[in-house]
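Heads up, the thing below is written out as structure tokens.
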Amino acid sequence: VKQTREKGPRKRPFSISSLDPSSAPRKLRLARLRAKLADQRADAIFVSSLHNVSYLCGFTGSAAALVVDEASATLFTDSRYTFQAAEEVRGARVRITKKGLLAEAGAYLRSRRAIRRIAYSEAQLAVAQHHALRKAAGAGVRWVDDGNAVEFLRIVKDVGEIAIMADAATLIDSVVRAVYKQIKPGISELDIAAEIDYQMRRKGAAGPSFETIVASGERSAWPHARPTNRRLGKNELVLLDQGAILRGYCSDITRTVFLGESPQRVRRLYHAVWEAQQAAKGAIRPGATAGDVDQAARRALERAKLGPYFMHSTGHGLGLEVHEGPRVGKGSTAVLQEGMVITVEPGIYLEGFGGIRIEDDVVVTRNGYRDLTTAPRELLEL
Ligand code: GLY
Ligand code: MN
Ligand code: MN
């Protein structure tokens with residue numbers, strides 16, 4: 001089954017054919033990975049995370065493993081993906097397995113006498129899978145943790161990735177704007193969530209980057225509420241958190257709206273969250289830590305005496321996965337660099353009343369940041 005590539009919502013600064021299938025960024029990624037492996041004194045890495053596989057060689061099928069050593073890279077997949085692998089994979093040779101991916105990848109490692117120490121990710125392999133792999137590779141191979149080598153490379157995006165992520169953000173922005181028109185008393189949370197998911201597909205997304213959140217009234221105080229058949233009423237908050245996957249990359253945006261004319265209390269709370277988001281964004285620059293960004297948001301809410309109601313991190317890295325490095329939370333020592341993409345999403349949640357969150361995706365620039373999501377952030381009364 002050949003997976004087609006989605007088209008973006010608008011004209012892109014450069015065509016996908018000059019970006020994605022080109023081997024140039026992948027060659028660089030493999031070179032950087034090899035340097036990391038040398039640091040760890042590993043002869044090769046066994047990559048089992050599908051996100052890491054696609055990052056390194058372009059393959060987007062649902063069953064694969066990639067072995068990268070000093071001089072070569074070999075992708076293992078099965079016969080469902082013969083044609084797709086031929087089209088997508090760059091910089092690695094392809095082995096179509098017949099007797100099981102792990103058995104054949106393991107046998108390959110056993111046959112390669114020069115590979116004695118192999119890095120792998122404990123977090124990306126089930127115990128049973130690792131057992132099968134070890135058995136096939138034999139006792140001559142020593143398995144060592146890869147220290148999240150590929151995930152670290154992924155944190156800083158190249159210009160091609162940023163262009164795609166800007167498109168993914170623009171796409172979800174336009175979904176949010178379109179959906180506002182449908183939000184009115186009487187419609188259910190599930191109806192709105194279905195409309196969001198439908199709109200993103202219509203605009204070219206491969207799908208949602210996480211389960212769409214629509215939470216109304218008191219339920220908006222659940223930061224990660226699942227939409228229900230509860231119908232929206234007049235004079236209540238509605239929190240919408242959604243993201244789309246476009247050409248493999250995720251977007252993630254939250255807006256909170258009010259149905260009717262907002263009372264003073266809601267306006268005050270909303271403004272405090274907006275200020276916290278502004279403060280956090282103001283702390284973003286190369287050299288600052290992700291913890292500084294979190295602290296800026298937290299301090300702003302503490303000043304407004306709302307500290308206890310902000311009970312999650314200020315954000316997270318965003319890319320091939322909706323949650324990836326760097327962690328943008330309390331005490332995070334990750335140093336921001338140009339090209340990192342993070343979310344900034346302070347929120348407050350008052351049990352029995354409701355919740356307010358404002359979330360944007362931003363890219364770290366040479367001297368600050370740039371918003372990728374730009375849907376209006378002022379309190380919208382619908
Ligand atoms: N919806 C997941 C997040 O905002 O992180
Ligand atoms: Mn979100
Ligand atoms: Mn998020």
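Every number for a ligand or one of its atoms is a count from 1 in the order of the listing. This chain uses plain numbering: 1 for the first residue, then up along the sequence. We use all heavy atoms of the structure for the numbers below, so side chains are in, but hydrogens, waters and symmetry mates are not.
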Query - Thr74 side chain vs Arg93 backbone, donor-acceptor pair below 3.5 Å - result: no

Query raised in the report: Are any side-chain N or O atoms of Glu88 and backbone N or O atoms of Thr60, one a donor and one an acceptor, separated by less than 3.5 Å?
Result: yes

**Report entry** Check: Thr254 N/O within less than 3.5 Å of ligand 1 N/O
**Finding:** no

**Report entry** N or O pair under 3.5 Å between Arg357 and ligand 1
**Finding:** no

Any idea which N/O/S atom from [X] gets closest to the Mn ion (ligand 2)?
| X | value |
| --- | --- |
| Asp252 | OD1 |
| Asp241 | OD1 |
| Glu359 | OE1 |

Requested in this report: Using a strict cut-off of 4.0 Å, indicate which atoms of ligand 1 neighbour a heavy atom of Glu359.
Outcome: 4 (O)

Query - Glu345 atom (N/O/S) at minimal separation from the Mn ion (ligand 3) - result: OE2

Query raised in the report: For Thr289 and Asp292, does a side-chain donor sit closer than 3.5 Å to a side-chain acceptor?
Result: yes

I need the nearest protein heavy-atom contact for [atom]: residue, atom name and distance, please.
| atom | value |
| --- | --- |
| atom 2 (C) of ligand 1 | His224 NE2, 3.4 Å |
| atom 1 (N) of ligand 1 | Asp241 OD2, 2.8 Å |
| atom 3 (C) of ligand 1 | Asp252 OD2, 3.3 Å |
| atom 5 (O) of ligand 1 | His323 NE2, 2.7 Å |
| atom 4 (O) of ligand 1 | Glu345 OE1, 3.0 Å |

Requested in this report: Look at the rings of His271 and Trp274 and say which category their plane angle falls in: under 30° parallel, 30 to 60° tilted, over 60° perpendicular.
Outcome: parallel

Query raised in the report: Non-hydrogen atoms of Gln242 versus ligand 1: any pair closer than 4.0 Å?
Result: no

Query raised in the report: In a check of salt bridge (Lys or Arg N to Asp or Glu O under 4.0 Å) between Asp69 and each of Arg117, Arg112, Arg113, which one passes?
Result: Arg112

Query - Ring-face cation of Arg265 near Phe353 (centre distance under 6.0 Å, axis angle within 45°) - result: yes

Query raised in the report: Hey, would you say the His312 and Tyr349 ring centroids sit under 6.0 Å apart?
Result: yes

Report task. Indicate, with yes or no, if the rings of Tyr108 and Phe76 have centres closer together than 6.0 Å. Result -> yes

Query raised in the report: Is it true that atom CZ of Arg32 has more than 12 heavy atoms of other residues, nucleotides or ligands lying nearer than 6.0 Å?
Result: no

Query raised in the report: Strictly under 2.8 Å, is any N, O or S atom of His316 next to the Mn ion (ligand 3)?
Result: yes

